[in-house]
There are 2 protein chains.
Amino acid sequence: MGLRIFKGLETDNAYLELKTSLANNESVIIVGDCEVEYYGRASSTLTRGERVVMIKQDGSILVHRPEGYEPVNWQPPGCLFKVDSLNGLLKIVATRLSPHEVLTISFHKVYVMVCGRLYDKGIFSMHASEDEMKEAIRLNPSLIEEGLRILTSEKDLGEAGYADFVGEDSKGNFVVIEIKREVAGEEEVLQLARYVNEAKQRVNRPVRGVLVAPSLRRRGQVLLEQLKLEFKALTPESCKRFLKKVPRLSLLEFME
Amino acid sequence: MGLRIFKGLETDNAYLELKTSLANNESVIIVGDCEVEYYGRASSTLTRGERVVMIKQDGSILVHRPEGYEPVNWQPPGCLFKVDSLNGLLKIVATRLSPHEVLTISFHKVYVMVCGRLYDKGIFSMHASEDEMKEAIRLNPSLIEEGLRILTSEKDLGEAGYADFVGEDSKGNFVVIEIKREVAGEEEVLQLARYVNEAKQRVNRPVRGVLVAPSLRRRGQVLLEQLKLEFKALTPESCKRFLKKVPRLSLLEFME
DNA sequence: GCCTAGGTCCCGTGT
DNA sequence: ACACGGGGCCTAGGC
């Protein structure tokens, strides 16, 4: 690791180092006293204060205040950087082309600057998402109801969108299934209703619609009853527990 | 500024410094080689790689890979930290109480560590959001239609939620107005429909519903027609241009 | 480019 | 605590 670390740099020296770093596509962290302006979909100003600015190798940039999860200002990956040194200020202009947005950071003081390429080939894997619920249901449709058979996943229903699953119940009814990892509401019921209506026009037999989620909000319950749809409570945790018990294909194999 | 900066610390020394920093409620930035685990609403693992970890004064923590706008793992403000040094590893455990979630970061190597309190009393101000559209419309309802009068803003419509505005047109009809800063869709039409239905039960005269947004998606258009609601195209930019021309009260004065 | 759908979304606000 | 609405949301996938 060849990180270059600078303490208490004058802004004009910081400018030179930063220019080199950006030319070499390095990551840069700057801690210092700055002000920030943004113009684009919205616009904002932030007066002077001490912050952490992170520039990443993919052309993203974040301005972090000493509190809060979110960056106060930022630019997503792929933006263009221009740096300048004038009147004792280190100026960083990060421009995004589409939509056209400009972020300008002006450092009055640079306390610390860390420059260097970071090597990260680590593998990130996530679990207990909607995908895991889908896999569990595919392997064991009786998690939703006894006798259910899954026919297709991610069924294209044209204008209506994509149903998570379509299947068939023990009585031969067509079943459209929409799965949510979290508590569902009106929006999710409406989504299912679209799929069911579309399916009714395509299938020459009774069509049921089942919303699968950990729970359903009051408004969603009202709409669900009006539209004569059904709800089945199921949590990602219970799906995960089920998957643990079953020797199974990997998610990747499932996807192909 | 009294930032403490450490290069190439052994993990056990990093542990001691980090413990002191957290006890003093300082911000900490660590650049190093680490692995990460998360368990909570979902769960994830991330194998070894070089990353930037930021701990903030409000108890939030972010793990940033060298690419991407978003942190790969994180914990929002208010979490509890526990640090440990064992087997040559610096271990940081950040726990959130509700929902119960645990983030564990294990550093194999610490390249740089920066510790210190940051002072940021800067003032952040945002413009051209939905609020600015509302203010422009309030000052000049004819941006929506000639002869419109605004009666109240944020009218409480009980179960149905809050309409952005209610007003009265030149023919004495009651008008419910929903404003969106961005392209609107089905969801926004549905929201307006709720407000209109609620208003109809409360007002003893014809009720119109107008959705105001830069544009309306196809699906939204269909639903809008079905529900006999109306759409008026208006962009935040045009509202901003209007506001610039008018000497006006501040947003704060408007809010009271 | 637009549109759809999801997220450990986060965040404020109100009940 | 839950629910609802908003965000410069961001991100990924399809067309």
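Note: hydrogens, waters and symmetry copies are ignored here, and every other heavy atom, side chains too, is used. These numbers come from a predicted model, not from an experiment. Letters A, B, ... are given to chains in the order of the sequence lines, protein chains preceding strands, and every chain is numbered from 1.
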*Asks:* For R241(B), check salt bridge (charged side-chain N to carboxylate O under 4.0 Å, His left out) against everything at least two apart and list the hits.
*Replies:* none
*Asks:* Consider the side chain of P77(A), meaning its heavy atoms from C-beta on, and name the nucleotide among dC9(C), dC11(C), dT11(D) that approaches it most closely.
*Replies:* dT11(D)
*Asks:* Does anything in residues 54-80 of chain A pair up under salt bridge (Lys or Arg N to Asp or Glu O under 4.0 Å), and if so which pairs, sequence neighbours excluded?
*Replies:* R65(A)-D120(B)
*Asks:* Can you tell me the distance, in whole Å, between the CD atom of E182(B) and the C1' atom of dG6(D)?
*Replies:* 10 Å
*Asks:* Residues two or more places apart in sequence or in another chain: which of them pass side chain to side chain contact (heavy atoms under 4.5 Å, CB included) with C239(A)?
*Replies:* M133(A), A136(A), L234(A)
*Asks:* dC10(C) base stacked by Y69(A)? Criteria: ring centres under 5.5 Å, plane angle under 30°.
*Replies:* no
*Asks:* Nearest to the M126(A) side chain among dC11(C), dT8(C), dG6(D), which nucleotide is it?
*Replies:* dT8(C)
*Asks:* Between dG6(D) and dG7(C), how far apart are the two C1' atoms, rounded to whole Å?
*Replies:* 15 Å
*Asks:* Do any N or O atoms of the protein come closer than 3.5 Å to N or O atoms of nucleotides 13-15 of chain D, and which pairs are they?
*Replies:*
none

*Asks:* Which whole-number value in Å describes the distance from Q221(B) CD to dC2(C) P?
*Replies:* 15 Å
*Asks:* Going by the rule side chain to side chain contact (heavy atoms under 4.5 Å, CB included), which residues pair with S44(A) if we only count those two or more places apart in sequence or in a different chain?
*Replies:* Y38(A), N73(A), F124(B), M126(B)
*Asks:* In whole angstroms, how far is the P atom of dG7(D) from the CZ atom of F124(B)?
*Replies:* 13 Å
*Asks:* Considering heavy-atom distances to DNA chain C, does Y195(A) or S43(B) have its closest nucleotide positioned more toward the 5' end?
*Replies:* Y195(A)
*Asks:* Counting any heavy atom closer than 4.0 Å, what does Q75(B) reach on the DNA or RNA strands: base, sugar-phosphate only, or nothing?
*Replies:* nothing
*Asks:* I'd like to know if E230(A) pairs up with R208(A) as an ion pair, taking the criterion as any Lys NZ or Arg NE/NH1/NH2 lying under 4.0 Å from an Asp or Glu carboxylate oxygen.
*Replies:* yes
*Asks:* Between dC10(C) and W74(B), is there an OP1 or OP2 to side-chain N/O distance shorter than 4.0 Å?
*Replies:* yes
*Asks:* Taking both distances under 3.5 Å as the test for a Watson-Crick or G-U pair, what stems of at least three pairs does DNA chain D have?
*Replies:* C:1-7 with D:9-15, C:9-15 with D:1-7
*Asks:* Mind listing the residues from residues 60-68 of chain B sitting with a heavy atom below 4.0 Å of DNA chain C? Number order is fine.
*Replies:* none
*Asks:* Roughly how far apart are D164(A) CG and E178(A) CD, rounded to 0.5 Å?
*Replies:* 4.0 Å
*Asks:* If you measure from CD1 on I179(B) to NZ on K134(B), what distance do you get to the nearest 0.5 Å?
*Replies:* 6.5 Å
*Asks:* Between dG6(D) and K180(B), is there an OP1 or OP2 to side-chain N/O distance shorter than 4.0 Å?
*Replies:* yes
*Asks:* List the residues meeting side chain to side chain contact (heavy atoms under 4.5 Å, CB included) with E188(B), not counting sequence neighbours, and say none if there are none.
*Replies:* K180(B), A184(B), L211(B)
*Asks:* CD1/I137(A) to CZ/F242(A) distance, rounded to the nearest 0.5 angstrom?
*Replies:* 10.5 Å
*Asks:* Between R194(B) and E198(B), is there a side-chain N and carboxylate O pair less than 4.0 Å apart?
*Replies:* no
*Asks:* Where the side chain of R96(A) is concerned, which of dG8(D), dT8(C), dC9(D) is the nearest nucleotide?
*Replies:* dG8(D)
*Asks:* Can you name the side chain to side chain contact (heavy atoms under 4.5 Å, CB included) partners of S215(B), sequence neighbours left out?
*Replies:* V183(B)
*Asks:* Taking CG from L211(A) and C1' from dA5(C), how many angstroms apart are they, rounded to a whole number?
*Replies:* 15 Å
*Asks:* By the 4.0 Å heavy-atom rule, please label E187(A) as base, sugar-phosphate, or nothing.
*Replies:* nothing
*Asks:* Would you say the side-chain atoms of Q57(A) and E26(A) include a donor-acceptor pair closer than 3.5 Å?
*Replies:* no
*Asks:* Dump every N/O contact between nucleotides 1-3 of chain D and the protein below 3.5 Å, one line per pair.
*Replies:*
from, atom 1, to, atom 2, distance (Å)
dA1(D), OP2, S98(B), OG, 2.6
dA3(D), OP2, R217(A), NH1, 3.4

*Asks:* By nearest atom, which of the nucleotides dC11(C), dG8(D), dG6(C) is closest to the Y38(A) side chain?
*Replies:* dG8(D)
*Asks:* dA5(C) P sits how many Å from F165(A) CZ, rounded?
*Replies:* 17 Å
*Asks:* With respect to the phosphate group of dC9(D), does any side-chain polar atom (N or O) of R181(B) fall under 4.0 Å of OP1 or OP2?
*Replies:* yes
*Asks:* Hey, could you give me the CG/CD1 distance between L90(B) and I30(B), rounded to the nearest 0.5 Å?
*Replies:* 5.5 Å
*Asks:* For a side chain to side chain contact (heavy atoms under 4.5 Å, CB included) with V207(A), tell me which candidate from V166(A), N197(A), V176(A), V175(A) qualifies.
*Replies:* V176(A)
*Asks:* What is the separation between atom CD on E178(A) and atom P on dT4(C), rounded to the nearest whole Å?
*Replies:* 15 Å
*Asks:* As a test of reading the structure: which of dA5(C), dG8(D), dC10(D) is closest to the side chain of Q191(A), going by heavy atoms?
*Replies:* dA5(C)
*Asks:* V72(B) near the nucleic acid: base, sugar-phosphate alone, or nothing, with a heavy-atom cut-off under 4.0 Å?
*Replies:* base
*Asks:* Within the distance-only criterion (no hydrogens, no angle test), does the side chain of R219(A) pair as donor or acceptor with the backbone N or O of E186(A) below 3.5 angstrom?
*Replies:* no
*Asks:* Carefully, step by step, assess K240(A) and S43(B) under the rule side chain to side chain donor-acceptor pair (under 3.5 Å).
*Replies:* CA-CA 11 Å; K240(A) 198 180 179 181; S43(B) 62; 3.0 Å; yes
*Asks:* Roughly how far, to the nearest 0.5 Å, is the NE2 atom of H64(A) from the CD1 atom of I29(A)?
*Replies:* 11.0 Å
*Asks:* Nearest whole angstrom, please: distance from the P of dG5(D) to the CD of E186(B).
*Replies:* 15 Å
*Asks:* Distance from I177(A) atom CD1 to L148(A) atom CG, nearest 0.5 Å?
*Replies:* 4.5 Å
*Asks:* Using the P atom on both, measure dG5(D) against dT8(C) and round to a whole Å.
*Replies:* 23 Å
*Asks:* Ignoring the backbone of P76(A), work out which of dC10(C), dC10(D), dG5(D) is nearest its side chain.
*Replies:* dC10(D)
*Asks:* List in numerical order all residues of residues 44-51 of chain B for which some heavy atom is under 4.0 Å away from an atom belonging to DNA chain C.
*Replies:* none
*Asks:* Give the rounded distance in Å between these two atoms: CG of L223(B) and P of dT4(C).
*Replies:* 13 Å
*Asks:* Looking at residues at least two apart in the chain, or sitting in another chain, which of them share a ring-ring contact (aromatic ring centres under 6.0 Å, His included) with Y69(A)?
*Replies:* W74(B)
*Asks:* With the side chain of R194(B) defined as its heavy atoms from C-beta on, choose the nearest nucleotide among dC10(D), dG5(D), dG7(C).
*Replies:* dG5(D)
*Asks:* Choosing from dG5(D), dC10(D), dG6(D), which nucleotide comes nearest the side chain of E70(B)?
*Replies:* dC10(D)
*Asks:* Nearest to the side chain of R41(A), which nucleotide is it out of dG6(C), dC10(C), dC9(D)?
*Replies:* dC9(D)
